[in-house]
Amino acid sequence: MIALVPLLILVGFGIIALVLDLFLLRWWAKLSGYAGLIAASISLFFLFSKRGKFLNGLLVFDAKGIYASLLILVFTFLVFLIADGYDLKVGIVEGELYILFLFAAAGAVVMVTTSHLLVIFVGMEVLSVASYALAGLRKDELSREASVKYAILGVFSSVFFVFGMALYYGETGNLFISPEAVANPSPLMTAAALFLFAGLMFKASLVPFHIWTPDVYQGSPSPVAGFFSIVTKIAAFLAFLRISGFLVNPAVRWFLIGSIILTVIYGNFVALRQKDIKRLMAYSSISHAGYMAMALLLGEKGGWALLFYLSVYGFMNLGSFSVISSLVENNSLDDYKGLSKAAPSLAAGMAFFMISLAGFPPTGGFLAKFFLFSEVGAGGYWWLVVIAILASLLSVYYYLRVVVYMYMKGRVEKPIFAYFPSSLLAMFASILFILELGIFPRTLIYFLRIFI
Amino acid sequence: MSVFSLFLLSALLFAGGMAGFFIRRDLVTMLLSSEIMLAGANLALLTFATMRNSIEADAIVLIVLTVAAAEVAVALAAIAVVVRRKEEATERTVSEMKG
Amino acid sequence: MRELFWLIPLFPAFGAAFLILFGRVISRKLVSWLAPSLVGLSFLFSLLSYIQLNGVWVKELFSWIKVGNLSIPFALQFDPLSSIMAVTVSGVSFLIHIYSIGYMANDWGYNRYFAYLNLFTFSMLLLVLSANLPLMFIGWEGVGLCSYLLIGFWFEKDAAADAGKKAFIVNRIGDFGFLLGIFLLFTLFGNLSFNYINSHVSAVSPGIATAAALLLFVGATGKSAQLPLYIWLPDAMEGPTPVSALIHAATMVTAGVYMVSRLFPLYQHSGFALELVAWVGIITAIFAATIALAQNDIKRVLAYSTISQIGYMFAGVGVGAVAAGMFHLFTHAFFKSLLFLCAGAVIHGVGTNDMRKMGGLRKAMPVTFWTFLIAALTISGIPGFSAFFSKDEILKEAYLSGHKWIWAIGVITAGLTAFYIFRLIFMTFYGEYRGEGHPHEAPKVMLIPMSILALFSIIGGWFPKSFAHYLSPLGYIKVIEASHSLEIYLLGASLILAIIGIYIAWLVYVKRKGKGWNFGFVYRVIYGKYYVDELYNFLFVTPYRKGSELINRYFDKGVIDRTVEGSGEAALGGGNLLSKLQTGLLKDYGLWMATGIIIGLFLAIRSLL
C-alpha cells in the first residue's frame with residue numbers, strides 16, 4: 001500500500017483543489033496544487049529506500065520508476081510556474097488548469113511505476129483525458145481544434161493499445177510484462193508487440209504516429225504544450241522501456257528502427273520551414289523523440305542515457321516554453337523580431353535554450369546527445385548514430401534562426417510580451433539546471449549508473 | 001461458435017471500425033467508428049478469456065470499458081464545443097492548422 | 001607555474017562572464033581596462049609557464065565525465081606544443097584587445113564586442129590547452145560560436161548576417177566529421193586523452209587510423225578554411241577588422257594545424273592521411289594565392305592570403321615537419337595579424353575597403369605604411385624577416401623528405417605571394433590618392449600594437465635553437481640537418497621568385513600607373529624596357545587575371561557556393577515537400593497511423609515466411 005502514497009497525495013490534493021475551485025477560491029486551489037506536487041516529491045524520497053513490487057506486482061517501485069516520477073513532478077512544478085500569470089492573460093480564470101495538470105501528472109506517475117499492461121493503459125488514459133481537456137482550455141478556435149484533434153486521434157490510438165493487450169493476453173493468459181513472454185517470437189506476440197508499440201509511439205510522437213503533435217502543440221495554451229512535450233514523453237518512454245524486451249524480435253526491432261530513421265529525418269526537415277514557434281518546437285520535439293527512441297534499442301542498458309536525456313531535455317524545452325508563454329500567444333517568428341532590445345533577459349534565455357537544444361557544449365544538451373549517441377554506437381548501431389547526427393545538423397539551422405530573429409532583425413513596433421515573475425523564475429531555474437547538468441553531470445550519472 | 005470464428009469476428013469489427021474512420025467525414029461518426037474498433041478489441045479479450053476459462057479478462061474488459069467511456073465523454077464534449085460554435089462538425093471544420 | 005598554469009584560460013573566462021552579466025551597467029572606460037588586462041594576465045602566465053616549462057605538465061581540475069569505462073577529466077596540458085600556441089594566442093589577443101579600444105571606440109556595441117572577444121580568447125585557450133579530445137571539442141565549438149557572433153557583429157548589414165550564417169553552415173559540416181572522428185577514436189582506444197592515443201597508435205591497423213584521421217581532418221579543413229571548405233573565410237571579412245586579425249588570421253583558423261600536430265602520431269601511423277594533408281595544404285596554398293591576385297577588396301586579398309599561408313602550414317605538417325609547420329604558424333600569427341591591423345588602420349583612415357579608391361597613402365599614414373611594408377616583406381620571405389626562416393624551413397623539409405612537387409608548388413606560391421602583397425602595397429600607398437575626403441593616420445592606441453607586432457614580425461624567426469629542438473620532448477619530432485650548400489640552393493630558388501614577384505608588381509602597378517612619381521634610378525633603368533612590361537601584361541598578367549577571375553567566378557562562386565546554398569535550398573525544399581503530408585485533416589492523420597501499423601504487420605509476416 002505504501003507505494004500508493006505519492007499517487008494518493010497527488011489525487012487527494014487534486015480533489016481538494018477541485019472543491020476549492022468550486023467555491024471560487026482560485027488562488028487556494030492553485031496553492032493546493034503546488035502543495036500536492038511538493039508533498040508527493042517528498043514522499044518519493046522516503047519511498048526510495050523501500051523499492052520493490054507492491055499490490056501483487058501491479059505497481060513496481062524501482063529506481064527508474066521513482067526517478068521518472070520525480071522528473072514528472074519537477075517538470076509539472078515548472079509548468080505550474082510557467083502557467084502562473086499566463087492563464088489570466090489569456091482568460092483562463094478558473095483553477096481547472098492546475099487541477100487537470102495534477103491529474104495528468106498522476107496518470108503519468110502510474111504509467112512509469114508499473115509493469116502491468118492494464119495499469120499502463122489506465123495511467124495512459126488518465127493522462128490522456130486530462131490532456132484533451134487541457135488542450136482546449138483557451139477559448140479560441142485553434143485551441144478547440146487542438147482539443148478535438150487530440151481527442152479523436154487519442155481514442156483511435158488507445159484502441160490500438162487495447163487490441164495489443166488482447167493479443168498479449170491471448171498468448172500468455174495475463175497482462176504482466178515478463179521477459180520470457182516478450183521474447184517469444186510467435187505470430188500472435190509479434191502482432192501484440194506492434195499494436196502496443198503503436199499506442200505508445202503515439203504518445204511519444206514517433207513517425208507515423210507523430211501526426212497529431214504539431215497541430216496540438218500549436219493550438220494548445222503554451223504551458224500546456226510544454227507539458228505535453230515533456231511529461232507525456234517521460235511517461236511514454238518509460239512504459240516503452242518496460243516492454244523493450246519485445247525488440248529481440250527482428251520484425252519489431254526493424255519496425256522501431258524504421259520509425260526512428262523517419263522520425264529524425266522528418267522532424268528536422270519539416271522544422272526548417274516553420275514560421276510558428278510552437279509548431280517549430282513540436283517538430284523539434286518529434287526529432288528529439290527520435291533520438292531518445294534510439295536508446296530503447298539497447299533495452300535496459302540504455303535506460304540511464306535515456307533518463308539523462310529526458311532530464312536535460314525537460315529543462316531545455318520547458319525553459320523555451322517559459323519564454324514562449326511570456327509572449328502570450330504571439331507565436332509567429334516575426335513576433336520575436338527585436339526581442340533582444342525590448343526584453344533582453346527573455347531573449348538571452350531563449351537563445352541559451354536554443355543553443356542547448358541544438359547540442360552545443362558546454363550545455364547539458366551536448367552531453368545528453370553525447371552520452372546517448374556514444375551508448376547507442378557502442379551498442380552496435382553506428383550507422384543509426386551517423387544518420388541521427390546528420391539529421392541533427394539541420395536542427396542547428398532552425399534553432400539558430402530563432403536567435404537570428406531575436407538578435408539580428410529589427411522592426412518598428414515593439415514586440416508584445418509580459419514579464420511573469422514565476423515564469424522568469426522557471427526560466428532561470430532551467431538555465432541553472434542545464435548548466436549544472438552540462439558541466440557537473442557526475443552526480444546524476446553516478447546515481448543513474450548505480451541504480452538503473 | 002468456435003474460438004476461431006469469434007476471434008475472426010473481433011478482427012473484422014476492428015478492421016471495419018477502422019474503415020469507417022476513413023470513410024466518414026463526420027466527427028461523431030469517426031468517434032463511433034473508433035468505438036467499434038474498441039468493441040472488436042474487447043471481444044478479442046473475451047474470446048481469449050473463454051479459451052482459457054479465466055474470469056480475469058472479464059474484469060479487464062470492464063475496466064477498459066469504463067476508462068474508454070470517460071475518454072469518449074471528453075472527446076464528445078470537445079466535439080460539442082465545436083458544434084456549438086460552427087453548427088457542424090466534420091473533419092473540414094477542424095482543419096485550420098496544417099503544414 | 002606548474003601548479004598555476006590552469007589559470008591561463010580562466011582570466012578571459014571571468015572577463016566574459018562579468019561583461020555578459022554586467023555589460024549593460026558598467027562604463028566603457030572600465031571595460032577598456034578590464035578586458036585587455038585580463039587577457040594580459042593570461043599572456044603573462046603563459047609566458048612565465050613557457051619559461052619554466054620542462055617536460056609535459058598535466059593538471060586535472062576535476063573529473064568531468066565518468067561513465068563505465070569512459071573517463072574524461074577536465075584536464076589541461078602544458079607542453080612544448082601547447083605552450084607555443086598559448087603564448088601566441090594570448091599575446092596576439094592582448095595586442096588586438098588594445099587595438100580594438102581605438103578601432104571600436106565609436107561603436108554602440110562596445111561592451112558586447114569585448115565580451116565576445118574575451119569569450120573567444122577563453123575558448124581558444126581551452127582548445128589549445130586541453131588534454132583530451134572532448135575538451136578540445138568544447139573549445140572548438142566555442143571559437144566557432146564566437147566567430148559566428150563576431151562576423152555577424154554588424155548584423156544591420158545583411159552581408160554580415162549572411163556571412164555569419166555561411167561560416168556557421170560550413171563549419172557544421174567540418175564539425176560533423178570531427179565528432180564522428182572522436183566517436184571512432186573512442187571505440188578504438190577507449191580513452192580520449194592525446195597522450196594515450198599518441199602512445200597507443202600502433203595498437204590499431206593503419207586503415208582504421210586513416211579513417212579516424214581523415215574524419216578529424218574534415219573538421220580541420222572546415223575550421224582552417226582549406227579546400228574544399230574554405231569558402232566561408234573570405235565572406236567572414238564582413239566582421240570588424242580586429243576580429244579578422246585575431247580570429248580569421250592569427251588564431252582560430254590555425255586550430256586545424258594545431259590539431260593535426262597534436263595527433264601527429266595517428267596521422268603518421270596512417271601514412272595516407274598524412275600525405276593527403278600535405279597535398280590538400282599545398283594545393284590550397286597555390287589555389288588561394290592565385291585568387292588573391294585579382295581581388296580589389298583589401299581585406300579579401302588578406303583573407304585569401306591567410307588561406308594560402310595555412311595551406312603552407314598543412315603542407316609542412318603533412319610532409320612530416322611538425323616543427324616547421326608550427327614555426328610558420330607562430331610567425332604567421334604576427335605578420336598576418338599585423339597585415340590585418342594595418343589594413344584596419346587604412347580602412348579606418350579612408351573609410352572604404354576598395355583598393356581602387358586608395359593610393360598615395362604613404363604620406364598621410366607614414367607609420368601604417370612602414371609597418372605594412374615590414375609585414376609585406378615578411379610574408380614575401382625576404383631574408384632576415386621571420387617568415388623567411390619558417391617558410392624556408394617548410395620548403396626545405398618538403399624537398400628533403402622527397403616531396404619535390406610540393407616543394408616546386410611551394411616555391412611558385414612564394415612568388416605569387418610576393419606579387420599580390422606588393423600589388424596591395426603599391427595600389428594602397430603609392431601613386432595618387434583616388435578616393436574622397438582626407439585620409440588620416442590612426443590613433444596611437446592602434447599604432448602601438450601595430451609597432452609591437454612589426455617588431456615581432458622581424459625578430460619572431462630569430463631563434464637560437466630550432467623549433468624542432470624545442471618540440472623534441474614530445475617524442476615524435478625529428479630533427480633533420482641539411483647540408484649547407486643544398487640549403488642555400490633551395491633558399492635561393494624561393495628568394496629569386498619572391499623578388500621577381502615584387503618586381504612584376506612594381507612594373508604593373510607602379511610604373512604603369514605611377515604618373516608624376518619618381519622612383520629614382522631604378523625607374524630609369526626599367527624605363528627602357530617598357531615592352532617587357534606590356535608583353536608581360538599581354539602574355540601573362542591579363543590571362544592570369546582573367547583566369548583567376550574565372551576560377552573565382554565559376555569554381556568559387558559557381559561550384560562551391562552553389563553546393564552550399566544548393567544543399568540549404570534542397571533541405572528547405574525537402575521540408576516543404578514533407579510538410580505537405582501534414583494536411584490538417586483527421587482522416588489523413590488516421591490513415592498515417594493505420595499505414596504505420598500495416599507496414600509493421602507486413603514486416604512481421606515477412607519475418608515469418
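Just the heavy atoms: all of them, side chains too, but no hydrogens, waters or symmetry mates, feed the values below. Values in this document were obtained by computation on a predicted structure and should not be read as measured data. Each chain gets a letter, A, B and so on, in the order the sequences are listed, and its residues count up from 1.
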Handout entry: Part of Leu142(A) within contact of chain B (heavy atom distance under 4.5 Å)
Key = both

Problem - Nearest-0.5 Å distance, OH of residue Tyr169(A) to CG of residue Leu46(B) - result: 9.5 Å

Exercise for the section: Enter the distance from Leu153(A):CG to Met30(B):CE here, rounded to the nearest 0.5 Å. Expected result: 7.5 Å

Completion exercise
Note: vs chain A, highest number of non-hydrogen pairs under 4.5 angstrom among Val81(B), Leu76(B), Val72(B) is Val81(B)

Exercise for the section: Taking the side chain as every heavy atom from C-beta outward, state whether Phe163(A) and Asn42(B) have any atom pair closer than 4.5 Å. Expected result: no

Fill in the blank from the handout: In terms of heavy-atom pairs under 4.5 Å with chain B, the winner among Met165(A), Gln218(A), Glu145(A), Glu125(A) is Glu145(A)

Problem - Minimum heavy-atom distance Ala75(B)-Val155(A), with the two atoms named - result: CB-CG2, 4.4 Å

Exercise for the section: Return yes when atom NZ of Lys139(A) has more than 12 non-hydrogen atoms of other residues, nucleotides or ligands closer than 6.0 Å, and no otherwise. Expected result: yes

Handout entry: Minimum-distance pair of heavy atoms, taken over all atoms of Ala41(B) and Ala166(A)
Key = O-CB, 3.6 Å

Handout entry: Between Ser128(A) and Glu71(B), a side-chain donor and acceptor under 3.5 Å
Key = no

Practice task
Examine whether an atom of Glu35(B) lies under 4.5 Å from a heavy atom of chain A, and if so say whether it belongs to the side chain, the backbone or both; otherwise answer neither.
Solution key: side chain

Practice task
Just give me the residue among Thr66(B), Val82(B), Val67(B) that pairs up with chain A most often, heavy atom to heavy atom, under 4.5 Å.
Solution key: Val67(B)

Practice task
Let me know if Leu27(B) has heavy atoms under 4.5 Å from chain A in its side chain, its backbone, both or neither.
Solution key: both

Problem - Candidate pair Val122(A) and Val64(B), rule side chain to side chain contact (heavy atoms under 4.5 Å, CB included), full reasoning - result: CA-CA 8 Å; Val122(A) 171; Val64(B) 169; over 6 Å; no

Problem - Which residues share a side-chain contact (heavy atoms from CB on, under 4.5 Å) with Val90(A), sequence neighbours left out - result: Tyr86(A), Ile92(A), Arg138(A), Val328(A), Glu329(A)

Fill in the blank from the handout: Contact list (residues 170-178 of chain A to chain B, heavy-atom gap under 4.5 Å, by number) returns Gly170(A), Glu171(A), Thr172(A), Gly173(A), Asn174(A), Leu175(A)

Problem - chain A contact via Ile63(B) - which portion, at a heavy-atom distance below 4.5 Å - result: side chain

Problem - Pairwise side-chain contact, Met37(B) with Val162(A), heavy-atom cut-off 4.5 Å (strictly under) - result: no

Completion exercise
Bottom line for Ala146(A): the part with an atom under 4.5 Å from chain B's heavy atoms is both

Practice task
Please confirm whether the backbone N or O of Met97(B) pairs with a side-chain atom of Lys149(A), one donor and one acceptor, at under 3.5 Å?
Solution key: yes

Exercise for the section: Examine whether an atom of Phe195(A) lies under 4.5 Å from a heavy atom of chain B, and if so say whether it belongs to the side chain, the backbone or both; otherwise answer neither. Expected result: side chain

Practice task
Check whether Tyr283(A) gets within reach of chain B through its side chain, its backbone, both or neither, counting any heavy atom under 4.5 Å.
Solution key: side chain

Problem - Derivation and outcome, salt bridge (Lys or Arg N to Asp or Glu O under 4.0 Å), residues Lys86(B) and Glu141(A) - result: CA-CA 10 Å; Lys86(B) 296 233 172 164; Glu141(A) 198 163 318; 2.8 Å; yes

Problem - Which atoms of Ala77(B) approach chain A - backbone, side chain, both or neither, heavy atom under 4.5 Å - result: neither

Fill in the blank from the handout: Checked Val270(A), Leu167(A), Asp276(A) vs chain B; the most non-hydrogen pairs under 4.5 Å come from Leu167(A)

Exercise for the section: Specify the closest pair of heavy atoms between Tyr132(A) and Val74(B), including all atoms of both residues, with the distance to one decimal. Expected result: CB-CG1, 3.8 Å

Exercise for the section: For the pair Phe156(A) and Phe22(B), name the ring-plane relationship: parallel under 30°, tilted 30 to 60°, perpendicular over 60°. Expected result: perpendicular

Practice task
Inspect the surroundings of CZ in Arg24(B) and state if more than 12 heavy atoms from other residues, nucleotides or ligands are less than 6.0 Å away.
Solution key: no

Handout entry: Beyond-backbone contact of Val148(A) with Thr93(B), side-chain heavy atoms, under 4.5 angstrom
Key = no

